[in-house]
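Note that the coordinates shown come from a computational prediction; the quantities given were computed from them, not determined experimentally. What's counted below: heavy atoms across the whole structure, side chains too, no hydrogens, waters or symmetry copies. Every chain is numbered from 1 and lettered A, B, ... according to where its sequence line falls, protein lines coming before strand lines.
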Amino acid sequence: MKINRRAQQRTVEIVSNKRVGAYHHMIFAVGDMALHALPGNFVAISVGGPGSAMVLRRAFAIYRTHDRGNYGGTLELVVAPHGQGSKWLTALPMHATVDMVGPLGTSFGIPTEPVNALLVGGGYGSAPLFGLAELLKDGGSRVDMVLGASSAGKIYAPLEGKRAVNSMTITTDDGSAGTKGQVVSVLAGLIERYDVDIIYSCGPMAMLAAIQDIATQTGIMHQCAVEEAMACGIGVCMTCVVPLRDETGLVKMSRSCIDGPVMDGASVLWNSSGKIPDGTFGAPNV
Amino acid sequence: MKINRRAQQRTVEIVSNKRVGAYHHMIFAVGDMALHALPGNFVAISVGGPGSAMVLRRAFAIYRTHDRGNYGGTLELVVAPHGQGSKWLTALPMHATVDMVGPLGTSFGIPTEPVNALLVGGGYGSAPLFGLAELLKDGGSRVDMVLGASSAGKIYAPLEGKRAVNSMTITTDDGSAGTKGQVVSVLAGLIERYDVDIIYSCGPMAMLAAIQDIATQTGIMHQCAVEEAMACGIGVCMTCVVPLRDETGLVKMSRSCIDGPVMDGASVLWNSSGKIPDGTFGAPNV
Amino acid sequence: MELSVRQMSNFNYSTSFQNAVFPNPIFTASGCAGSGKELAQFFPLTEIGAVVTKSIMVKARSGRPTPRMAETPSGMLNSIGLQGPGIDQFLAEDIPFLQKAGARIIVSIAGESVDDYGSLARRLRGVPGLSALEVNISCPNVENRGQVFACDPIASRSVVEVVRRVLGGELPIIVKLSPDVTDIVSIANEVIAAGADGLALINTLLGMVIDIDTMRPKLGGKTGGLSGPAIRPVAVRAIYQVHQAFPKIPILGMGGIASGRDALELVFAGASGVSVGTATFGNPNAVLKVKDELANLLIERGFTNFKEAVGFAHRSADV
Amino acid sequence: MELSVRQMSNFNYSTSFQNAVFPNPIFTASGCAGSGKELAQFFPLTEIGAVVTKSIMVKARSGRPTPRMAETPSGMLNSIGLQGPGIDQFLAEDIPFLQKAGARIIVSIAGESVDDYGSLARRLRGVPGLSALEVNISCPNVENRGQVFACDPIASRSVVEVVRRVLGGELPIIVKLSPDVTDIVSIANEVIAAGADGLALINTLLGMVIDIDTMRPKLGGKTGGLSGPAIRPVAVRAIYQVHQAFPKIPILGMGGIASGRDALELVFAGASGVSVGTATFGNPNAVLKVKDELANLLIERGFTNFKEAVGFAHRSADV
Ligand SMILES: Cc1cc2nc3c(=O)[nH]c(=O)nc-3n(C[C@H](O)[C@H](O)[C@H](O)COP(=O)(O)OP(=O)(O)OC[C@H]3O[C@@H](n4cnc5c(N)ncnc54)[C@H](O)[C@@H]3O)c2cc1C
Ligand SMILES: Cc1cc2nc3c(=O)[nH]c(=O)nc-3n(C[C@H](O)[C@H](O)[C@H](O)COP(=O)(O)OP(=O)(O)OC[C@H]3O[C@@H](n4cnc5c(N)ncnc54)[C@H](O)[C@@H]3O)c2cc1C
Ligand SMILES: Cc1cc2nc3c(=O)[nH]c(=O)nc-3n(C[C@H](O)[C@H](O)[C@H](O)COP(=O)(O)O)c2cc1C
Ligand SMILES: Cc1cc2nc3c(=O)[nH]c(=O)nc-3n(C[C@H](O)[C@H](O)[C@H](O)COP(=O)(O)O)c2cc1C
Ligand code: FES
Ligand code: FES
C-alpha cells in the first residue's frame, strides 16, 4: 500500500500570490518537498491561522514544482477563493507562512511508450495537467488538452502551458471563451481526430463520470484525479471514500487521499455519492 | 439607568500601533465616537477576524480621544498582548480595521469644586487616568499619581502624562523602577503628604480592594474602575456582575459594564469572587 | 442586494406560533437581551419578530457567584444562575418598557417547583400585550433532588399541564427543552401531550472549563451552559428530529445562530422561528443582521413565503 | 523549554489502566489513526502511549455513503459508519503491523448485538501484545430497534458483562461512553458494576449540518458525530462528573484535544490518559505535540509525577 512515504509537514513561505482570472496562482518555498512531487499529487494546508474555527486542512492539487531557484525548492498551486478556507489562503500576503503537508496521494501513471494523450481539465482541475503534459511530452507522447469551465475567467491556462501542448481546446458553459458547452461535448471529436490512446482528467466528479462514459464507449483508458471532501488527507479518517473495484473485482469504499486522488476511471463506480453500491465489501445486507 | 446612550457600533481603522514597554499603544480613527467618550468609559472590540473561534468581544479602557485631527476623531488604547484575543489585536498592521462598540459604561465623576485627587493605576490600568488627570487639572484640582506594576516594562506612563500631574510615584514588585513594592504600600504616605480628598483608581480587583481598605481607614472617597470578565459589554448577559450596595443599602449583583466599570469603591463588596455575599438581593436562603 | 431588497416587497416573512403572529421569525434568545432596554439602544425593538425575556422566577434571585463566563472554542460557558428581580418587579418595570417600545413580547418563565410555574402563569395570564409564554424547564427541581425538569419526562409533563390549566387557551405555550437528554423526541412527546403549542430548541449543553493556572473549575458555579456556534450542529439535529416526529408543532430554534446562513439551517431543519443568543454578545446588532440575511437567502432561493421554507430539508431529502 | 527538557528526566510520565502500564498518557483516539501505518509515516508509534485502533466489528462493513464529513465551527461531523475489514482481516493485517512497529495496542471493538461483543472478545483474548480492550458501545443495537447501547443502561451492562466473562482478568476493559445521555454517571455506574476497569469519555455528540444550497442534510447518513474543540467543555464536564463519582476508576479522556493545555484540562478533571482524535486531521503530528506540551505544562506547575495531576481540580476546588 502507498502510505505517502515522502510526505513531510513543514512551515512554508508564500513567495508569490497573484490573481489570474478567477483564481490565485500561489508559489510557496517548500525546500526539498518539491523534489518528491509528481503530477496528480496534492498538498494539505492548515487554514485560518491560530484561533481559527476551521479545524480541517484544505487539499490542493500541485500545479507544478521547481527543485531549485531563488527560493530553493518551490511548489505552485492554483486556488479558487471559494469558501472561508480558500479565501483566507488567497488573501495572505507575500512572506506569510502556512503549515503544509505533502506531497500526498497517488500520481498520474506515465506510459513507458509514447502515446496519444488527451488531457481534460475542469476549472482549476487544469492545474495538475500542465506538469503531466510536460512529462508526457518528454516521453515522446502527443498531448492534446481540453479545458472547460462555466466562463472564461475560470479557465486556467497560462501561455507557456498552452504552448507546451499539441492542441488546446476551450469550452465554456456561457460561450465567453472557446466553444459553448461542456468539455464532454467536444471529447468524441477530439478522440477521433487525435487518435487518442489515453485520457487524463481532473475536475468535478460529475465531469469525470461523464468522461468515463465516453472512455467506456470508445474503449480507451482513463486516469482521473477525483475530488472527494477530505478531512485529513493522510488516510486516517475514512471520510474521502469512493467505491473502487480492485483487481479481483471486489468493490471497496477506498480512500481518495491514499488510493487516489488519481484512479483508473473504469474502476470507479460513478454517481454513487449518497449511496453504497450493491455488492460493496461490507455493504449492509438488504 | 444609564444605558450607553451614546454607544455606536462601527468599523474603525488602525492608524497607529506602537509597542511601548510591555504594551501596545494603538490609535483608531473612530469618527464622532470620539466626541462622546469620557474618562473611565471603555470600548468593546471583536477579535480574531472572520472564521475566528473567539465569539466574544474584548473590553479596553479608553486611554484618550481627540475630536479631530489628520484622521478625524481618534481614540487610543493601551493593550497588553495577553491571550489569544489581545495578541491578535496587537499584531494587526496599520490600516487594518476592527469592529468597535463604544463608548460604553460609566465614567469617573468629576467634582464641581477643585480637590486634591490621587490617581492610582495598576499595569495598563493607568490608561484611563491620564485623561481624567487632564479634566481634573482643567477644573483646578491638584492631581498626584501613583502607578504600580510587576516590573518597569509594565508601567505605562508617557512623558506628557507624567508632566501633566503634580507628582508621579512609581512602584514595581521587583524594584526595577521606582519604589520596590506594591502601590498600596505608598498610599498612606501620599494621602497624608498631599492632603488627598479623593482617590481614583483602575487596575486589578485585588489592588482596588486594598485601596478601598485604606480609603475606608482614612475616610476618603474612592472611585474605581473595576474589571470583571465581560461577555457582552452592553448589559445584556449578566456575566460581569459585582455585589454593589445601592443608596437604600440593598446589595445587588450589578453589571460592571453598565453600572460600572467606574463604581464607588465603598459600595462594592470586595473579595466576593466565587461567592454571593449574605444578604444580597435574591441570595439563596441558607 | 439591490435585487433582494426590491423583491422583498413580495416576500412574506411572517410566522406564527399557534394564534400568535409575528412579522418576522427572528427573535432574541432568553437571557441574551437583558431587559430589552439595553438592545433598544442599538435598534428599535419593533424591527425584530419578538423579544424573548430572560427567564423570570417567582422571587428575586442573585444568581451564581462570579466568574460567570468562560470563552470556549466557537462558544462560551455561562453560569448566570437565572439572576433576576422576581415576577413583581419584572411586571412593574420590564414589561411596561417593552410594551411602550412596541415590542412583541414572549415572557420566559422558570421555577423551582411545579407550583412556581403555576404561580407565574397566573401572574402573567391577564397581562396585555404578551404574544406567548416560553416555559424554560431547564431548571433544577428542588422537590426532586435538584434534577432538572427538562431531564425528566414526568416532571416536564407536570409543569406544562399546570401552565396549560392556568392559561386555558389564552396564550400560546412554547416549552424550551434541554439537549442534555437521551431522547429529546420522547420529552417533546410528553410536553406536547400536556398541552404545549410549540417547542423551543435548544437550551445550552452542560459543560465545564478548568482554569489551567488555578487548576480548578473556572466558573463560580463549576459547570455552566455551553452556547454559541459550537453547538449549532446539535441544535440542527434536535430540531430535525423533533420536526420529523411532530411536523405540525411549531419550533422556535436556537443554538449558535450568528448569520442568515446559520438561521437557514435551522429553518430547513424545521424551525418556524429563530432566536439569536450568544451572537448578540459579539455583535449588538446580530439579531437584525440575521433577520436581513435570512430574508435575502430565502428570496435568492425562490421562496416567496417564509413558511414554505420551514422543514424544507425533510421534503427535499426524500426526492 | 530548555528547563523543561532538562527536568524531564525527573518527571514520571507513565500512567496505567489497571494492570496495563503506558510510558506516557497520550493515545490516539479510535477511528482517528487509520490502521496505524498512515501515522507511522510521521512519527514512530513507540513515541506515544498507545494506539487505539478504529472500532473493529465481527464482519466487514462498508460504512455510510458519502458525503461523510462536514466542517463545523471548531469541530466537524463525521458519518463513517464504522467502515472496516472485520475481525479476521484485522487480526491478519493490522495487528501484526502494530506489533512489529512496537506500538502499545488498545483494540476498540464494536458490535450490533451483545453476542457480537462476546465473539470479538473471544477472538482477541489470546492475541499477544495487546494492552487493553476499548469497548465502543455507541453503536445501534439491532436487537433493540437500533437504540444505541450506550444510551441504555441495561444494554450497556449486558455488553460489558459478556466481555468481562469472556476475558476473565486477562485484559483491562475500558468502556467508551456516549455524552448523549441524560445521566452519564448512572451509565458509568452500570458498566463499572458489570466489570469495566476503566472508562473512555467521550464519544462524539449527535449532530447534523444542512447544506443551504442543496437544502438537505449534508451527510450521506443525515446525522453524524460531532467532534473537535467545540465539544471540549462537554468532555471536561463528563470526565469531572464521572471522576467525582468514581475516583478510583481510571478514565481515558478525549474530545477536542489539540494541545497540551487542552489535555491538561482533562487531566485535572480526572483523566488518567488522553486520546487525540480530530486534531490529527488538522495536524498529523498532533499526538506528539500534545504529549510534549502536556509534559512541559505539568513540569512548569511543579508536578514530578503525572499521576499526581489526575483529578487535581477536585482536590483544589474545595481548598
Ligand atoms: C484532492 C483535492 C484537490 C484539490 N485541488 C484544488 C485546487 O487545486 N484548487 C482549489 O482551489 N481547490 C482544490 N480543492 C478543493 C479545496 O480543497 C477546498 O475544498 C476548497 O478550496 C474549498 O474550501 P473552503 O475552505 O474555501 O470552503 P468551505 O466551504 O469553507 O469548506 C468547508 C469544507 O468542505 C470541504 N470542501 C468544500 N468544497 C470542496 C470541494 N470542491 N472538494 C472537496 N472538498 C470541499 C473543504 O475541504 C472543507 O473541509 C481540492 C480538493 C481535493 C480533495
Ligand atoms: C472594563 C475593562 C477594561 C479593560 N481594559 C483593558 C485595557 O485597557 N488594556 C488591556 O490590555 N486589557 C484591558 N482589559 C482586559 C481585556 O478586555 C482582555 O480581557 C484581555 O486583553 C485578555 O483577552 P485575551 O483575548 O487576550 O485573553 P484570553 O485569555 O484569550 O481571554 C479569554 C476570555 O477571558 C476574558 N479575560 C481574560 N483576562 C481578563 C481580564 N484581565 N479581565 C477581564 N476579562 C478577562 C477575555 O475578555 C475573554 O473573554 C479590560 C477589561 C475590562 C473588563
Ligand atoms: C448568558 C446566557 C444566559 C441565558 N439565560 C437563559 C435564560 O434565562 N432562560 C433560558 O431559557 N435560556 C437562557 N439561555 C440559553 C439561550 O436562550 C439559548 O437557548 C442558548 O444560549 C443557545 O443559543 P445561542 O447559542 O444563540 O446562545 C442563556 C444563554 C446565555 C449564553
Ligand atoms: C472520523 C472519526 C471516526 C471515529 N471513529 C470512531 C470509532 O471507530 N470508534 C470509536 O469509539 N470512536 C470513534 N470516533 C470518536 C473518537 O474516537 C473520539 O471519541 C471523538 O472524536 C472525540 O474526540 P476528538 O474531538 O479528539 O476527535 C471517531 C471520530 C471521528 C472524528
Ligand atoms: S481524507 Fe482522511 S482518509 Fe482520506
Ligand atoms: S458584560 Fe454582559 S452584562 Fe456586563
* For chain D, the option from A:Val251, A:Thr280, A:Leu56 that forms the most heavy-atom pairs under 4.5 Å ->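 Ranked by contacts with chain D, first place is A:Leu56.
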* Name the option with the most non-hydrogen atom pairs under 4.5 Å to chain D; the candidates are A:Arg58, A:Gln8, A:Arg6. =>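 That would be A:Arg58.
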Minimum heavy-atom separation for [X] and [Y], please, with both atom names.
| X | Y | answer |
| --- | --- | --- |
| A:Arg57 | D:Gly282 | NE-O, 2.6 Å |
| D:Ala60 | A:Phe281 | CB-CZ, 3.3 Å |
| D:Gln89 | A:Lys252 | NE2-NZ, 4.5 Å |

* Against chain D, label A:Ser46 side chain, backbone, both or neither, depending on which of its atoms sit under 4.5 Å from a heavy atom there. => side chain
* To do: Using non-hydrogen atoms and a 4.5 Å limit, figure out which bit of A:Glu228 sits close to chain D: side chain, backbone, both or neither.
  => side chain
* Asked: So, the side chain of A:Gln9 versus the backbone of D:Phe42: is there a donor-acceptor pair under 3.5 Å, distance only?
  -> no
* To do: Pick whichever of D:Cys32, D:Gly36, D:Ala279, D:Pro229 has the most heavy-atom pairs under 4.5 Å with chain A.
  => D:Cys32
* Structure fact -> Note: vs chain A, highest number of non-hydrogen pairs under 4.5 angstrom among D:Ser62, D:Ala40, D:Ala33, D:Gly34 is D:Ser62
* Partners of A:Tyr63 by side chain to side chain donor-acceptor pair (under 3.5 Å), sequence neighbours excluded? ->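 Partners of A:Tyr63 by the side chain to side chain donor-acceptor pair (under 3.5 Å) criterion come out as none, since no residue qualifies.
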* Asked: For chain A, which residues of residues 70-82 of chain D have at least one non-hydrogen atom nearer than 4.5 Å to it?
  ->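 Expected list: D:Glu71, D:Thr72, D:Pro73, D:Ser74, D:Gly75, D:Met76, D:Ile80.
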* Among residues 232-242 of chain A, which residues come closer than 4.5 Å to chain D, judged by heavy atom distances? ->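 So the qualifying residues are A:Cys232, A:Ile234, A:Gly235, A:Val236, A:Cys237, A:Met238, A:Thr239, A:Val241.
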* List for me each residue that meets salt bridge (charged side-chain N to carboxylate O under 4.0 Å, His left out) alongside D:Asp211, sequence neighbours excluded, and say none if there are none. => none
